[in-house]
Amino acid sequence: MQKNVKPFGIRDKLGYMFGDLGNGFSFALSSVFFMKFYTDVMGVSPASVGLMMLVAKIIDAFTDVGMGQIVDRTPPTKDGKFLPWIRRIAGPVALASFLLYPTYFKDMSMAFKMVWMYGTYILWGSIAYTAINIPYGSMASAVSENPDHRTHLSTWRTIGSQAGNFIIAVIGPMFVYYTDQNGHEILSGNKMTIFALVCSILAIITYMLCFKLTTERVKIPRSEEKFSFLETFKVMFSSRALIGLILASLFFLLSVMAVSGMNSYLYPNYFQNVKAMSFVGTSQMVITLLMAIVVPKLSAKFGKKEVTVFGLSLSAISYLLAYFLQTSNVKTFIFFVILFQIGTAFQGITSWAMIIDVIDDLEVSKGRRDDGAIYGAFSFSRKLGQAAASGLTGFLLTSINYSVESKFDPQVTAGIYNISTLLPAVTLILATLAYLVIYPLNRQKVYDNAKYLHEQRLKTGE
């Protein structure tokens with residue numbers, strides 16, 4: 001720990017919260033509206049959008065790990081090892097996000113729209129967003145070495161993320177949709193572009209608040225080892241804990257991203273109720289804030305792995321019941337959504353602390369600490385989940401013959417309901433199994449590792 005530095009407190013929690021709020025202004029925007037924008041405004045098929053997103057995430061296999069290596073090898077500045085990246089990349093990631101919604105090109109040729117879609121999405125997701133998100137996530141281990149402090153940071157990060165989701169999923173639909181002469185809820189391309197611009201401006205502001213309020217206290221040394229992709233992957237996949245967390249996160253993200261993406265089709269097309277979509281966004285925010293109070297206490301008492309397994313099981317059961325019920329009553333469906341949101345809040349709040357637990361476990365077992373590289377691998381698994389969700393939902397929407405012309409046909413909307421419920425349920429079951437069968441870091445093991453590393457740092461005077 002560095003000396004003569006202000007103690008960990010609410011300033012750090014707020015700063016870290018603002019970081020993921022900034023992420024949300026581009027990431028949540030993409031999750032909720034990107035595919036809907038390109039299918040309904042730009043006229044691109046769902047399968048083409050999904051394939052593009054899948055290709056972009058494969059590129060992330062290299063950019064995530066590569067950015068992790070850059071971060072590990074960057075010497076610390078007076079602001080720390082990770083914080084300077086927040087200031088450097090805030091503007092580029094905000095600009096790249098805005099470029100994803102070019103309504104002004106909707107009448108261009110399909111070839112032009114495809115090139116623009118590929119170019120801007122890769123620029124945003126594989127380069128700019130990676131360049132800010134990898135150091136942001138890695139920074140938690142430098143803010144404090146205390147496992148409970150890291151759980152608090154994970155909690156506040158989740159609050160920031162959900163605040164961003166609230167703005168995107170609640171305020172967004174009320175602004176970007178309009179009702180046509182047939183009573184259908186339609187996405188407005190022009191309003192979508194304006195909304196994206198506002199979100200980009202807000203992203204820059206919140207990133208700067210993260211930079212100003214957060215303090216790095218733990219000295220993370222610069223890695224001097226020769227870079228090798230092969231060696232990095234060997235280290236990453238020699239850890240059972242990391243493999244378990246990667247698989248669980250991949251399936252979890254596939255589930256929640258499928259829900260997030262499909263909501264833009266489920267509520268306007270199946271239920272024909274955009275207000276319900278905004279209500280679901282509100283309930284997500286409220287539930288997350290309430291769970292942010294409860295989950296850290298439950299995690300401290302029972303363990304992060306243990307409470308996460310409970311939550312994922314609850315979410316899977318809720319959407320399985322919704323699938324078999326086949327309800328057309330939006331109020332009944334929202335009851336199952338709320339159960340789903342309660343369950344997934346456990347994973348959302350604990351996951352960012354669990355990756356630090358994995359990093360600690362690797363340091364204890366392997367004698368090396370590669371925060372950036374390991375976080376890069378974890379982030380890559382999340383992007384694979386996001387990519388799988390986008391690709392799979394895109395192909396599934398095409399399989400039920402979704403198009404601008406057929407989007408309100410009864411057989412198409414019935415297919416939307418089935419995709420929206422069964423896909424999340426199955427993937428959550430797989431995430432639960434990954435924790436139960438593979439991930440070994442229970443409550444006692446986590447605290448044993450933290451105690452050992454603290455004693456080692458006392459010996460070396462760090």
Side-chain angles (χ1 to χ4, degrees), residues 17 20-41 97 100-101 157-178 185-188 191-200 202-203 206 252-292 315 318-319 322 330-331 333-345 347-349 382 385-386 389-390 393 416 419-421 423-424:
M17 178 199 73
D20 223 31
L21 178 56
N23 285 341
F25 281 125
S26 65
F27 181 78
L29 189 70
S30 171
S31 301
V32 174
F33 292 114
F34 181 80
M35 182 175 284
K36 183 76 170 179
F37 176 83
Y38 263 91
T39 57
D40 289 22
V41 176
S97 176
L100 294 177
Y101 307 95
R157 174 175 186 162
T158 302
I159 293 172
S161 173
Q162 290 305 315
N165 288 341
F166 176 83
I167 294 170
I168 302 304
V170 176
I171 299 176
M174 292 189 291
F175 178 74
V176 301
Y177 281 92
Y178 69 93
E185 304 281 359
I186 307 296
L187 181 68
S188 166
K191 290 182 178 180
M192 188 67 234
T193 301
I194 295 170
F195 188 57
L197 176 61
V198 172
C199 287
S200 291
L202 292 174
T206 50
F252 172 77
L253 262 296
L254 202 164
S255 174
V256 297
M257 296 304 298
V259 169
S260 179
M262 289 302 300
N263 279 351
S264 294
Y265 299 91
L266 179 66
Y267 293 103
N269 297 75
Y270 179 79
F271 289 115
Q272 298 189 36
N273 193 330
V274 171
K275 291 182 179 178
M277 182 178 173
S278 293
F279 177 83
V280 167
T282 304
S283 67
Q284 179 73 68
M285 178 66 177
V286 172
I287 287 170
T288 300
L289 289 174
L290 293 175
M291 295 298 287
S315 296
S318 69
Y319 263 43
V330 71
K331 293 181 179 179
F333 185 79
I334 287 175
F335 169 76
F336 294 109
V337 170
I338 290 173
L339 291 179
F340 175 88
Q341 291 172 341
I342 292 171
T344 54
Q347 163 84 6
I349 292 170
R382 292 174 60 84
Q386 297 155 17
S390 301
T393 53
I416 289 172
I419 296 169
S420 299
T421 52
L423 177 58

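Nothing here was measured: the structure is a model prediction, and the numbers come from that model.
- For Phe175, the CZ atom counts as densely surrounded, since its 6.0 Å shell holds more than 12 non-hydrogen atoms of other residues, nucleotides or ligands.
- Counting only distance, with no hydrogens or angles, the side chain of Asn273 and the backbone of Ala276 share a donor-acceptor pair below 3.5 Å.
- Using modelled atom types, no side-chain atom of Ser30 and backbone atom of Ser26 make a donor-acceptor pair closer than 3.5 Å.
- Phe25 has its side chain out of reach of Val198: every pair of non-hydrogen atoms, C-beta onward, lies at least 4.5 Å apart.
- Using modelled atom types, no side-chain atom of Ser161 and backbone atom of Arg157 make a donor-acceptor pair closer than 3.5 Å.
- Atom OG of Ser283 is separated from atom CG of Leu290 by 11.0 Å, given to the nearest 0.5 angstrom.
- Shown here for Phe33 and Ile168, the closest heavy-atom pair between the two residues is CE1-O, 3.6 Å.
- Counting heavy atoms from C-beta on, the side chains of Phe195 and Leu29 come closer than 4.5 Å.
- Closest approach of Phe333 and Ala322 over heavy atoms only: CE1-CB, 4.1 Å.
- Counting only heavy atoms from C-beta outward, the side chains of Tyr319 and Val337 approach each other to under 4.5 Å.
- A search for side chain to side chain contact (heavy atoms under 4.5 Å, CB included) contacts involving Ser420 returns Met262, Leu266, Ile416, not counting sequence neighbours.
- Distance check, rounded to the nearest 0.5 Å: CD of Gln284 to CZ of Phe279 gives 12.0 Å.
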side-chain hydrogen bond (donor to acceptor under 3.5 Å, both in side chains) assessment of Thr393 paired with Tyr265
CA-CA 11 Å; Thr393 53; Tyr265 299 91; over 6 Å; no

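- Under the salt bridge (charged side-chain N to carboxylate O under 4.0 Å, His left out) criterion, Asp40 pairs with Lys36, Lys407, sequence neighbours left out.
- Side chain of Ser260 to main chain of Val256: no donor-acceptor pair is present (N/O by atom type, distance under 3.5 Å, no hydrogens or angles).
- The line from OH of Tyr177 to CE of Met192 is 9.0 Å long, rounded to the nearest 0.5 Å.
- Counting only heavy atoms from C-beta outward, the side chains of Ile349 and Met291 approach each other to under 4.5 Å.
- Taking 4.5 Å as the limit, some side-chain heavy atom of Ser255 sits within range of a side-chain heavy atom of Phe340.
- Taking 4.5 Å as the limit, some side-chain heavy atom of Tyr267 sits within range of a side-chain heavy atom of Val330.
- Closest heavy-atom contact between Tyr38 and Leu100: CE1-O, 3.5 Å.
- Applying the salt bridge (charged side-chain N to carboxylate O under 4.0 Å, His left out) definition to pairs two or more places apart or across chains, none involves residues 162-172.
- Between Val280 and Ile338 the shortest side-chain heavy-atom distance does not fall below 4.5 Å.
- In this structure, the separation between CG on Leu339 and CD1 on Ile334 is 12.5 Å, given to the nearest 0.5 Å.
- With rounding to the nearest 0.5 Å, the separation of CE in Met174 from CE in Met277 is 11.0 Å.
- Side-chain contact check for Met35 versus Ser264: every heavy-atom pair is 4.5 Å or farther apart.
- Between the side chain of Gln341 and the backbone N or O of Ser315 there is no donor-acceptor pair closer than 3.5 Å.
- To the nearest 0.5 Å, the span separating CG on Leu21 from CG on Leu202 amounts to 8.0 Å.
- Put simply, the side chain of Thr193 gets close to the backbone of Tyr101: a donor and an acceptor are under 3.5 Å apart.
- For Asn263 against Pro268, the heavy-atom pair with the smallest separation is O-CD, 3.4 Å.
- Residues Ile419 and Pro424 approach most closely at O-CD, 3.5 Å, considering heavy atoms.
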